[in-house]
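Written out below as structure tokens is the structure these notes cover.
Below, chains carry the letters A, B, ... as their sequence lines are ordered, and counting in each starts from 1. This is a predicted model, so every value here is computed, not measured.
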Number of protein chains: 2
Amino acid sequence: MLTNPQKTASAANLRSDAGLASALRVSLARLNRRLRKQGTGHSLTPTQLATLAAVERHTAMTPGELAEHEKVQPPSMTRVIANLEERGLLARTPHSTDRRQVSITVTPAGIALLKEERRLKEAWLAQRLKDLTPEERATLRAAAPILEKLSTT
Amino acid sequence: MLTNPQKTASAANLRSDAGLASALRVSLARLNRRLRKQGTGHSLTPTQLATLAAVERHTAMTPGELAEHEKVQPPSMTRVIANLEERGLLARTPHSTDRRQVSITVTPAGIALLKEERRLKEAWLAQRLKDLTPEERATLRAAAPILEKLSTT
DNA sequence: TATTGTTATACTCTATAACTATA
DNA sequence: TATAGTTATAGAGTATAACAATA
């Protein structure tokens, strides 16, 4: 009832590259699962939250661009946007040149929600970091840009 | 159209604890998103995959235990198990002492699927690790157990 | 005629409520 | 009577197909 081959195996083989990949995969998945649970006082689905963040990051996007960016079909994005608009988190304005298109922007309420969401997640993580030794924190400081690089390659 | 306040902000404040939390949160989320896309040749939902992995890790579980473990309601777990059983990935056997209960175990096919899933994800990650310098890999080797500790605290 | 977005409809996943079998 | 699991039914999210408006 208590077998856990992954963890022990990854700890044992950490010196090899394959072992490092295995250990990182497990740790990353586990930590991310914990992190995702933090800051959920808004009842937005993952797609809704990702859409809101995408619009904020790109300042203004069309529904078509958003569907492409979030890997959903245009009709699905129509519904996501409609829901976020009802909540007052996104706003629709006419497109400047093409009247077929619509320009989507974040409202101040949407920005506030994203800010609070990030604050809660980071507060949880910062609390965990406080329980580490200074050396461990230094290691994570060095590792952060490397993890960043891994995902953008 | 190209504003990205998170990344620049997190890079700038990496020396503070709050800055480290912010940078880690963004990097972890991004890397995990990339990682989750790898190895999806089976068409299992996240819940199905997590259920399969849970049964493998614990050797044998009842539907009730699985529902509790995966944070879904018992009727939902009934359907997840039924689907995985149809695919030949899980098997049901009578419980040893209580005839109301059912014992769920992984089949060889289920074990093979999990192994392949992990292999694909780790192959992607190992490829990325090869592009790093030896020093960067050493940093990640040191960071892996710390990340592991963060999630289990 | 091609493109952008929406409406109509169906399927999947999960939930709550009611039911069956066993303790 | 209480517990483990299933069946019945409903709600949320996303997909494909058909449609309206504009280029």
Side-chain angles (χ1 to χ4, degrees), chain A residues 1 33 36-37 40-55 58-87 89-106 110 113 117, chain B residues 1 33 36-37 40-55 58-87 89-106 113:
Chain A
M1 279 283 193
R33 213 177 305 140
R36 214 174 317 136
K37 284 179 188 165
T40 51
H42 45 59
S43 77
L44 292 186
T45 66
T47 301
Q48 290 172 335
L49 200 56
T51 299
L52 196 57
V55 175
H58 295 91
T59 310
M61 297 176 83
T62 65
E65 286 170 348
L66 275 169
E68 162 75 17
H69 190 270
E70 296 307 318
K71 308 295 182 207
V72 297
Q73 293 303 308
S76 303
M77 186 48 70
T78 292
R79 295 197 54 176
V80 170
I81 292 169
N83 190 316
L84 292 173
E85 193 189 11
E86 271 175 31
R87 295 168 187 255
L89 303 173
L90 289 182
R92 324 159 58 103
T93 55
H95 196 275
S96 44
T97 57
D98 187 340
R99 282 196 301 172
R100 290 175 306 183
Q101 299 189 45
V102 182
S103 190
I104 309 291
T105 54
V106 198
L113 186 146
E117 167 82 13
Chain B
M1 280 283 194
R33 212 176 305 139
R36 216 175 315 136
K37 285 180 189 166
T40 50
H42 45 61
S43 77
L44 293 186
T45 66
T47 299
Q48 290 172 334
L49 200 56
T51 299
L52 196 57
V55 175
H58 295 90
T59 310
M61 296 176 83
T62 66
E65 286 170 347
L66 276 169
E68 162 75 18
H69 190 268
E70 296 307 318
K71 307 296 182 206
V72 297
Q73 293 303 308
S76 303
M77 186 48 70
T78 292
R79 294 199 54 176
V80 170
I81 292 170
N83 190 315
L84 292 173
E85 192 190 12
E86 271 175 33
R87 294 168 187 255
L89 303 173
L90 288 183
R92 324 160 58 104
T93 56
H95 196 274
S96 44
T97 58
D98 187 340
R99 283 196 301 173
R100 289 174 305 182
Q101 299 188 46
V102 182
S103 190
I104 309 291
T105 53
V106 198
L113 185 146

Fill in: Atom CZ of A/Arg36: over 12 foreign heavy atoms under 6.0 Å
yes
Fill in: Min side-chain heavy-atom separation A/Val102-A/His95 under 4.5 Å
no
Item to complete: Scan nucleotides 13-23 of chain D nucleotide by nucleotide, 5' to 3', and note B when protein non-hydrogen atoms come under 4.0 Å of the base, S if they reach only the sugar-phosphate, - if neither.
Response: SBBBB----BS
Fill in: Between D/dT7 (C1') and B/Ile81 (CD1): distance, integer Å
15 Å
Worksheet entry | Whether A/His69 side chain and A/Glu65 backbone form a donor-acceptor pair below 3.5 Å | no
Practice prompt. Would you check if A/Leu84 and A/Leu44 make a side-chain contact, meaning some heavy-atom pair closer than 4.5 Å?
Written response: yes
Worksheet item: Rounded to whole angstrom units, what separation is found between the CG atom of B/Leu66 and the C1' atom of D/dA4?
Response: 13 Å
Worksheet item: Roughly how many Å is it from CD in A/Glu86 to C1' in D/dA12, rounded to a whole number?
Response: 14 Å
Practice prompt. Compare side-chain N and O positions of B/Thr78 against OP1 and OP2 of D/dG5 and report whether any pair is under 4.0 Å apart.
Written response: no
Worksheet entry | Nucleotide C/dC13, atom P - distance to CG of B/Leu44 in whole Å | 10 Å
Discussion item. Would you say that B/Leu113 contacts B/Leu52 through its side chain, given a criterion of any heavy-atom pair below 4.5 Å between the two side chains?
Written reply: yes
Fill in: Derivation and outcome, side chain to side chain donor-acceptor pair (under 3.5 Å), residues B/Asn83 and B/Arg87
CA-CA 6 Å; B/Asn83 190 315; B/Arg87 294 168 187 255; 2.7 Å; yes
Response to the item:
To the nearest angstrom, the CD-P distance between B/Glu70 and C/dC13 comes to 15 Å
Worksheet item: What is the distance from CD of B/Glu68 to C1' of D/dT3, rounded to the nearest Å?
Response: 15 Å
